[in-house]
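Labels below follow one simple rule: chain letters A, B, ... track the order of the sequence lines, proteins then strands, and each chain is numbered from 1.
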Amino acid sequence: MLDIKVIRENVDLVKRAAAAKRITCDVDRLVAVDQHRRDMQTELDSLRERVKEDGQRVGLLRNPKSEWYKRAIAQGKTDAEIKAEADRVQAELARIKPKIKELEDSEGSILQEFEQLMFTIPQPADPEAPEGKDESENVEIRRVGEVRRFEFEPKDHVRLGTDLGIIDIERGVKLAGSRNYILRGDGALLHQAVLRLAQDMMVARGFVPMVVPVLVKEEVMYGTGYFPTGRDQAYLCERDVLSLVGTAEVPITAYHTDEILAESDLPLKYCAMSTCFRREAGAAGKDTTGLYRIHLFDKVEQVIICRNDQQESRRWHADILKNAEDVLGTMGLPYRVVNVCTGDLGMGQVQKFDIETWMPSRNSYGETHSASRFYEFQARRLKLRYRDGAKKMHFCHTLNNTVIASPRVLIPILELYQNADGTVTIPRVLRTYMGGRERIEKQ
RNA sequence: GGAGGAGUGGCCGAGCGGCUGAAGGCGACGGUUUUGAAAACCGUUACACGGGAAACUGUGUCGGGGGUUCGAAUCCCUCCUCCUCCGCCA
């Protein structure tokens with residue numbers, strides 16, 4: 001959400017920014033509705049002021065003990081005259097009342113439209129985000145790690161996992177439909193191992209671990225920017241008006257909703273491991289094989305809430321990016337970092353770095369992490385504020401990044417660490433979570 | 001799920017139809033005093049939207065929504081949340 005005052009004064013800029021993001025929104029309509037809304041408020045305010053003042057007068061005129069009443073008597077008015085005046089004013093007010101009600105009703109619908117339009121205006125991208133139409137124009141920033149060359153014919157993770165008895169896609173689909181899977185034995189353990197490793201690293205870096213709701217209220221989805229635009233990507237529990245989150249970013253970022261924090265509280269660093277639910281609507285036929293694009297996965301997410309300062313926000317962005325890179329680094333996985341172009345940015349993101357990890361079966365880097373900063377876009381929607389030393393109120397800045405998402409990350413792990421005999425060597429850092437074992441063998 | 005009770009400012013807590021955005025206390029902040037600190041005393045201490053260059057000013061907000069009334073924190077309806085008891089379940 002942007003500040004309506006800023007939109008009013010920068011209509012062209014907002015339009016251009018939306019165009020750069022390839023997001024359609026009706027800025028002109030918003031500005032018109034805003035004007036309408038303000039006119040209406042002015043009118044209503046003055047009407048209400050009158051009701052308030054005159055209503056009070058009625059009370060005083062009807063109260064023989066009031067100063068007003070005594071003064072009127074002193075001026076030579078009779079009780080009957082005073083009563084008549086009270087009746088007159090009261091009758092007049094009674095006539096205004098339906099008019100106010102009528103105005104209030106139309107104000108309601110205008111406010112509603114205003115809010116809806118506000119929700120569709122994207123946060124302008126930062127100048128550091130490259131201009132581009134879609135993900136094909138993302139810009140690679142760096143590559144880290146050696147891509148392994150195989151001296152034998154490598155298997156993809158599905159073949160490998162199926163042969164080892166640790167991945168069972170067929171039965172996953174039997175139970176839950178396409179894009180579902182079952183991990184068993186060392187597959188299940190490996191999944192939990194990477195999550196634990198990631199969480200332990202974050203805790204060591206001062207992030208507060210949390211366990212959060214994954215079924216949340218609509219306002220939380222709106223607040224974080226996933227609604228209304230991304231509504232079709234979410235599983236809804238309509239009977240209860242709750243939505244399953246696609247990431248723990250949602251509940252963590254919304255944690256301090258409606259609060260006014262102290263500047264000294266900031267930055268707040270949180271992480272949470274949670275299950276993530278995604279409908280993958282519109283992705284039919286895309287990435288259909290294996291554990292890449294699935295409806296349900298687990299993820300450790302990191303979120304930072306910091307002061308309203310773009311430079312500081314940038315620094316934390318670099319920080320959370322490094323956290324994720326370190327997780328991949330410690331597991332010895334080769335990856336590259338990509339600066340996401342404007343056309344591939346979401347509603348509220350000002351800049352996003354994706355980390356893509358090398359996946360032999362795809363013969364390319366595949367996205368495993370996504371680090372975004374929002375400036376105050378989410379904070380405005382969530383009313384997430386703080387007071388500075390001079391007691392001035394500001395919206396916070398928010399940022400988030402994946403720490404690890406599994407089973408997607410199991411793709412590079414299994415494929416890159418496979419051996420000619422079909423076994424998989426367990427990366428050293430994961431062994432403590434796997435009973436100290438060195439390899440995964442057929443079960 | 002059934003029966004009761006309760007939701008007021010950062011916190012505690014008054015108010016139960018009018019001049020109450022809300023007494024009092026605590027906390028926090030600023031000041032006086034002090035070598036410094038404490039104590040004491042004085043003052044300040046919500047948010048949103050609108051108007052205004054600003055000073056300032058109008059409106060709304062006492063869990064949410066609706067209603068009664070000239071006028072509602074106060075009365076009525078409804079929803080939500082929390083507490084207690086009973087039932088059920090992990």
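- Residue Arg37(A) places none of its side-chain N or O atoms closer than 4.0 Å to OP1 or OP2 of C49(B).
- When distances run from any side-chain atom of Arg48(A) to the nucleotides G60(B), C70(B), C49(B), the shortest one goes to G60(B).
- Listed candidates were C19(B), C47(B), C70(B). Nearest to the side chain of Asn63(A) is C19(B).
- Asp34(A) has a carboxylate O that lies under 4.0 Å from a charged side-chain N of Arg37(A), or vice versa, which qualifies the two as a salt bridge.
- C75(B) and A3(B) have their P atoms separated by 23 Å, given to the nearest Å.
- Glu49(A) has its CD atom 12 Å from the C1' atom of G50(B), to the nearest Å.
- Per the geometry, NZ belonging to Lys52(A) stands 13 Å off P belonging to G71(B), to the nearest Å.
- Partner assigned to U32(B) is A40(B), using Watson-Crick or G-U wobble distances below 3.5 angstrom.
- Across the protein-nucleic acid pair, Met118(A) atom CE and A48(B) atom P stand 14 Å apart, rounded to whole Å.
- Geometrically, Arg408(A) engages Tyr292(A) in a cation-pi contact, judged by NZ or CZ lying under 6.0 Å from the ring centre and within 45° of the ring axis.
- Across the protein-nucleic acid pair, Arg50(A) atom CZ and U59(B) atom P stand 14 Å apart, rounded to whole Å.
- Other residues, nucleotides and ligands contribute more than 12 heavy atoms inside 6.0 Å of the CD atom of Glu128(A).
- One finds no salt bridge joining Asp240(A) and Lys217(A) here, because no Lys/Arg side-chain nitrogen approaches an Asp/Glu carboxylate oxygen to under 4.0 Å.
- The listed nucleotides are C47(B), G67(B), G58(B); the one nearest the side chain of Arg385(A) is C47(B).
- Looking at Val250(A) and Tyr226(A), their side chains come closer than 4.5 Å, going by heavy atoms from C-beta outward.
- Distance Ile4(A) CD1 to G50(B) C1': 13 Å, rounded to the nearest Å.
- In this structure, Phe377(A) has its ring center at least 6.0 angstrom away from the ring center of His397(A).
- Mapping Ala91(A) and Leu44(A) onto RNA chain B by nearest heavy atom places Leu44(A) closer to the 5' end of the strand.
- The distance from atom CZ of Phe114(A) to atom P of G50(B) is 8 Å, rounded to the nearest whole Å.
- Side-chain to base pairing of Gln56(A) with C19(B): no donor and acceptor N or O lie closer than 3.5 Å to each other.
- The partner of G9(B), taking Watson-Crick or G-U wobble pairs whose two distances both stay under 3.5 Å, does not exist in any strand shown.
- Straight-line distance from the CD atom of Glu104(A) to the C1' atom of G65(B): 13 Å, rounded to whole Å.
- With a cut-off of 3.5 Å on both Watson-Crick or G-U wobble distances, the partner of C49(B) is given as G58(B).
- Nucleotide C85(B) has G2(B) as its partner under the Watson-Crick or G-U criteria, with both atom distances under 3.5 Å.
- Going from the P atom of G66(B) to that of U74(B) covers 14 Å, rounded to whole Å.
- Here the separation of A6(B) from C76(B), taken at their P atoms, is 12 Å to the nearest Å.
- Along RNA chain B, the nucleotide nearest to Met393(A) and the one nearest to Leu93(A) differ in position, and the one closer to the 5' end is contacted by Met393(A).
- Comparing the C1' positions of U84(B) and U59(B) gives a spacing of 41 Å, expressed to the nearest Å.
- Lys217(A) comes within contact range of no nucleotide atom at all, as no heavy-atom separation falls under 4.0 Å.
- Pairing for A14(B) is absent, judged as Watson-Crick or G-U wobble with the two contacts each under 3.5 Å.
- When heavy atoms are screened at a 4.0 angstrom cut-off, Leu60(A) is found touching base atoms of the nucleic acid.
- Between A48(B) and G1(B), the two P atoms lie 37 Å apart (nearest whole Å).
- The CZ-C1' distance, from Arg62(A) to C19(B), rounds to 17 Å in whole Å.
- With both ends at atom C1', the span from C11(B) to A54(B) equals 36 Å, rounded to whole Å.
- The side chain of Val51(A) lies closest to C70(B), out of C29(B), C47(B), C70(B).
- OP1 or OP2 of G50(B) lies within a sub-4.0 Å distance of a side-chain N or O belonging to Arg8(A).
- Between U59(B), G50(B), C70(B), one nucleotide has an atom nearer to the side chain of Asp45(A) than all others, and that is U59(B).
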